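Along the sequence shown, residues carry numbers from 1. What you see is a predicted model; the values in this text were computed from it and never measured.
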Amino acid sequence: MFTVDDFVLKYEKYTDEELLNIHSNILGYSNEAQIAFDRVINNKGGLEIILKRVESKAILENEEKRIAKDSLDFGRQGIDASFTKTVTSSTILSEERVKEIIDSKYVEVEAEIEDKKIKPRTIIGSIIGGGIASIIGGVFWGLQMIYSKRIFTIFFVGLVLLSYYLIKALTKQTKNNSFVLIATIISVILALLIGQLLYEIVGYRP
């Protein structure tokens with residue numbers, strides 16, 4: 001059984017939010033836990049101070065989210081980062097923190113733009129990755145029908161994932177790239193056709 005000191009050691013590691021969660025359910029805790037909780041709360045300045053810290057933290061987080069969202073919106077509209085910095089201000093966050101958030105979000109925007117570009121690597125990687133996935137996936141799809149004469153949904157899901165992740169690995173780009181997405185669809189279709197062809201050639205093998 002836990003002693004008061006055991007609970008104190010445990011609660012001292014909790015965040016303010018976790019302590020408030022305990023406070024809202026404190027009546028369901030043992031006497032030792034309640035005594036330890038009161039002791040930890042007093043050591044941290046009291047319940048009112050903790051509440052204020054949590055509220056202040058929430059205000060800061062909401063302000064950061066607001067600036068982050070605005071920065072992403074501006075960046076996706078093609079607005080320059082330097083202009084965004086001149087029109088974005090905060091009465092809560094420091095100027096340095098505001099600029100830091102803007103810079104980090106513009107890095108994300110640049111990554112999104114780069115991901116959507118169709119480059120030689122996109123085309124070559126999609127063709128090679130899609131081709132390999134079509135052959136491998138087609139063989140397994142054909143074997144599935146040859147030896148079971150059934151189509152399993154999980155096999156189809158695996159086929160889609162195989163095509164997508166092979167293409168993604170070689171192109172270093174995601175499904176947000178239209179070429180990667182189309183190549184994945186074509187790869188899956190080819191795999192299905194290869195599998196069907198194998199089945200028609202070999203036939204059912206019970």
Side-chain angles (χ1 to χ4, degrees), residues 61-90 93-202:
E61 289 178 348
N62 288 333
E63 183 71 351
E64 289 184 349
K65 288 178 182 178
R66 178 187 69 82
I67 294 172
K69 181 180 181 303
D70 290 346
S71 300
L72 285 173
D73 289 341
F74 284 142
R76 287 165 179 162
Q77 292 171 27
I79 298 174
D80 188 77
S82 58
F83 177 78
T84 300
K85 291 176 182 178
T86 62
V87 298
T88 304
S89 61
S90 174
L93 303 174
S94 66
E95 184 178 345
E96 291 73 20
R97 179 55 182 155
V98 171
K99 290 181 179 179
E100 181 183 325
I101 294 172
I102 293 172
D103 286 336
S104 68
K105 293 304 149 184
Y106 267 79
V107 169
E108 289 184 26
V109 171
E110 289 173 6
E112 289 178 3
I113 294 172
E114 191 67 19
D115 185 40
K116 292 178 180 179
K117 288 182 179 178
I118 298 176
K119 300 170 284 189
R121 185 182 68 187
T122 311
I123 299 172
I124 296 172
S126 294
I127 293 173
I128 295 174
I132 294 173
S134 294
I135 295 171
I136 297 174
V139 169
F140 279 101
W141 189 262
L143 291 174
Q144 167 198 221
M145 293 189 292
I146 290 170
Y147 290 102
S148 69
K149 213 174 185 179
R150 295 175 60 191
I151 294 176
F152 298 94
T153 303
I154 192 170
F155 273 41
F156 179 75
V157 174
L159 185 58
V160 173
L161 293 177
L162 173 66
S163 297
Y164 172 65
Y165 281 106
L166 264 178
I167 292 172
K168 181 182 178 182
L170 293 178
T171 62
K172 308 299 182 186
Q173 291 170 287
T174 70
K175 61 182 180 299
N176 294 323
N177 185 291
S178 59
F179 198 90
V180 168
L181 182 60
I182 293 171
T184 300
I185 294 172
I186 293 174
S187 175
V188 171
I189 293 172
L190 287 175
L192 294 175
L193 291 175
I194 291 173
Q196 182 64 35
L197 180 62
L198 285 174
Y199 176 69
E200 291 177 1
I201 294 174
V202 177

Presence of salt bridge, Lys105 and Asp70, under 4.0 angstrom: no
Approximate separation, where rounding is to 0.5 Å, of Ile182 CD1 and Ile167 CD1: 11.0 Å
Shortest non-hydrogen separation from Gly195 to Met145 and the atoms involved: O-CE, 3.5 Å
Donor-acceptor under 3.5 Å (Thr184 side chain, Val180 main chain): yes
Side chain proximity check, Phe74 to Asp80, heavy atoms < 4.5 angstrom: no
Leu198 and Trp141, any side-chain heavy atoms less than 4.5 Å apart: no
Phe140 atom CZ, over 12 foreign heavy atoms within 6.0 Å: no
Thr84 and Tyr106, any side-chain heavy atoms less than 4.5 Å apart: yes
Closest non-hydrogen atom pair, Asp103 against Lys85: OD1-NZ, 2.8 Å
Test item: Thr171 and Asn177 side chains (from C-beta on) under 4.5 Å apart, heavy atoms: no
Straight-line distance of Glu64 CD to Glu61 CD, nearest 0.5 Å: 7.0 Å
Polar side-chain atom of Gln173 near backbone of Ile118 as donor-acceptor pair, under 3.5 Å: no
Heavy-atom side-chain contact between Ile101 and Leu93 under 4.5 Å: yes
Student check: side-chain heavy atoms of Phe156 and Val188 closer than 4.5 Å: yes
Ile127 CD1 to Thr122 OG1 distance, which is reported to the nearest 0.5 Å: 11.0 Å
Shortest non-hydrogen contact from Phe152 toward Gln144: N-OE1, 2.6 Å
Salt bridge Glu95-Lys99, side-chain N to carboxylate O under 4.0 Å: yes
Straight-line distance of Thr153 OG1 to Leu159 CG, nearest 0.5 Å: 12.5 Å
Student check: side-chain heavy atoms of Leu170 and Ser126 closer than 4.5 Å: no
Ile201 atom CD1, over 12 foreign heavy atoms within 6.0 Å: yes
Asp73: which of Arg76, Gln77, Lys69 passes side-chain hydrogen bond (donor to acceptor under 3.5 Å, both in side chains): Lys69
Gap separating the CD1 atom of Ile185 from the OH atom of Tyr164, nearest 0.5 angstrom: 12.5 Å
Minimal non-hydrogen separation, Ala133 against Ser187, with atom names: CB-OG, 3.6 Å
Residues Glu114, Lys119: salt bridge by 4.0 Å N-O rule: yes
For the student: nearest non-hydrogen atoms of Glu108 and Leu72, plus distance: OE1-CD2, 4.0 Å
CD1 on Ile186 to CG on Leu181, rounded to 0.5 Å: 10.0 Å
Where Ile194 and Ser134 come nearest, the two heavy atoms and their spacing: CD1-O, 3.6 Å
